2 protein chains.
Amino acid sequence: MEDDSNISELLAARGIRLTRQREKILAILLQQRDHPTASEVYERAKQKMPSISLATVYNSLEALARNGLLKQVNVDRAPTRFCANLEDHSHFFCERCGAIYDVEAAAAQLGNLPPGFVVFHADVALKGLCSTCSDLNV
Amino acid sequence: MEDDSNISELLAARGIRLTRQREKILAILLQQRDHPTASEVYERAKQKMPSISLATVYNSLEALARNGLLKQVNVDRAPTRFCANLEDHSHFFCERCGAIYDVEAAAAQLGNLPPGFVVFHADVALKGLCSTCSDLNV
DNA sequence: CTAGGTGCAAAAGGTTTGCGGTTAA
DNA sequence: TTAACCGCAAACCTTTTGCACCTAG
């Protein structure tokens, strides 16, 4: 890992430790940016760290997300997926193959809100077909 | 209920029955438009129909949603909420009190998508403070 | 040294399902 | 009449938690 010191400082500033498990989990998310679920992260982590537990994967993902090193991505009721892309972006959900893609951030044009309502974020979730699946559609 | 015949036909066309339970559940959603969870619908339904089961509430909500009479609303990992407003609209989630409001549909201005990607829907979820909660903020 | 983390197993919480009896159409 | 549905209880799946041991800082 290239910038552990960076991560370490980031976490230390919040009284949170950089453990081997968290390091590995973060590396997995950085390496293969396919928005894996906790179970998928667990399966990948076990290959190099067979003693890691699923509970630790859940706890670590939560800790990393809470400290801004990961983002959680939820689609309907499906298992939460994780994303190491910290830049402003939107998610595209392919309705055929279920894959999630990071795409250029979409802006929301708000309609009229009732008086007194204050918007902090507007999350845009795109649903459709990815290039592979729209090809199959012909 | 005023237009059961309408609903009945809608469902019949899909080989789905309009039962007393489904009728009641739909009436609950139409009457109090606060986006209740399945459990909340169950509690309300039990008052007039004490023998109804939670499983039936879940199954009925699912059947009604699958047939376009209800919409499901998911926020993060919280229990699914249900919405009888079939018109085009967006949802506003109050981060303080947790309430969900229907608001005027927000439009999404898509960024550039990779070639071959086709967007069917762009769901915009607004998060912030509702008028009651932003007042408390002063 | 010690607060915070790990692994394990058990529990929680929402949702779905199998089954025998019931009912809308 | 009969396929679809109901109520009940058990199962399912993801996620969280309690606890004894361990380790990063």
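To find a chain, count down the sequence lines: A is the first, B the second, and so on, and within it residues start at 1. As the structure is a prediction and not an experimental result, all values here were calculated from the model.
The distance between atom CG of A:Asp76 and atom C1' of C:dG14, rounded to the nearest whole Å, is 15 Å. Going from atom CG of A:Leu18 over to atom C1' of D:dT23 covers 13 Å, rounded to whole Å. Here D:dT14 presents its C1' atom at 13 Å from CZ of A:Arg81, a figure rounded to the nearest Å. We find that CG of A:Asn59 is positioned 12 Å from C1' of D:dG18, with the value rounded to whole Å. Note: CD (A:Glu9) to P (D:dA24) measures 18 Å, nearest angstrom. Rounded to an integer number of Å, the gap from CG of A:Leu61 to P of D:dT14 is 14 Å. Counting to the nearest Å, the C1' atom of D:dT14 and the OH atom of A:Tyr42 are 14 Å from each other. Here D:dC8 presents its C1' atom at 14 Å from CD1 of B:Ile52, a figure rounded to the nearest Å.
Distances shorter than 4.0 Å separate some side-chain N or O of B:Gln21 from OP1 or OP2 on D:dG7. The shortest distance between the side-chain N/O atoms of B:Thr19 and the OP1/OP2 oxygens of C:dT23 is not below 4.0 Å. Note on A:Tyr58: a side-chain N or O is less than 4.0 Å away from OP1 or OP2 of D:dT15. Checking the phosphate oxygens (OP1, OP2) of D:dC8, no side-chain nitrogen or oxygen of B:Ser53 falls inside 4.0 Å. Contact annotation: A:Arg77 does not reach the phosphate of C:dG14 (side-chain N/O to OP1 or OP2, under 4.0 Å).
For the pair B:Ser131 (side chain) and A:Phe117 (backbone), a donor-acceptor distance under 3.5 Å is absent. In terms of modelled atom types and a separation under 3.5 Å, the side chain of B:Arg22 and the main chain of B:Ser60 share no donor-acceptor contact. Looking only at distances, a side-chain donor or acceptor of A:Ser134 sits under 3.5 Å from a matching main-chain atom of A:Cys130. The backbone N or O of A:Arg77 lies less than 3.5 Å from a partner atom in the side chain of B:Arg77, making a donor-acceptor pair. B:Asn85 contributes a side-chain N or O that, together with a main-chain N or O of B:Glu87, makes up a donor-acceptor pair within less than 3.5 Å.
Looking at A:Arg44 and A:Asp34, a side-chain N of the basic residue comes within less than 4.0 Å of a carboxylate O on the acidic one, giving a salt bridge.
Of the two residues near DNA chain C, B:Thr80 and A:Ser60, the one whose nearest nucleotide lies more 5' is A:Ser60. Between B:Ile16 and B:Ser39, the residue anchored closer to the 5' end of DNA chain C is B:Ser39, taking for each the nucleotide with the nearest heavy atom. Residue whose closest nucleotide on DNA chain D sits further toward the 5' end, between A:Arg17 and A:Ala38: A:Ala38.
Candidate nucleotides D:dA3, D:dT15, D:dC6 were compared by shortest atom distance to the side chain of B:Arg22, and D:dC6 ranks first. Side-chain proximity of B:Arg20 to D:dG25, C:dT15, C:dA24: nearest is C:dA24. Of the candidate nucleotides C:dT6, D:dG7, D:dA24, C:dT6 has the atom nearest to the side chain of A:Thr56. Of the listed nucleotides (D:dC8, C:dG5, D:dT15), D:dT15 has the atom at the smallest distance from the side chain of A:Pro79.
Across all strands, B:Glu62 comes closer than 4.0 Å to no nucleic acid atom at all (heavy-atom distances). Among the atoms of the strands shown, only primed sugar atoms or phosphate atoms (P, OP1, OP2) are found under 4.0 Å from some heavy atom of A:Ser51.
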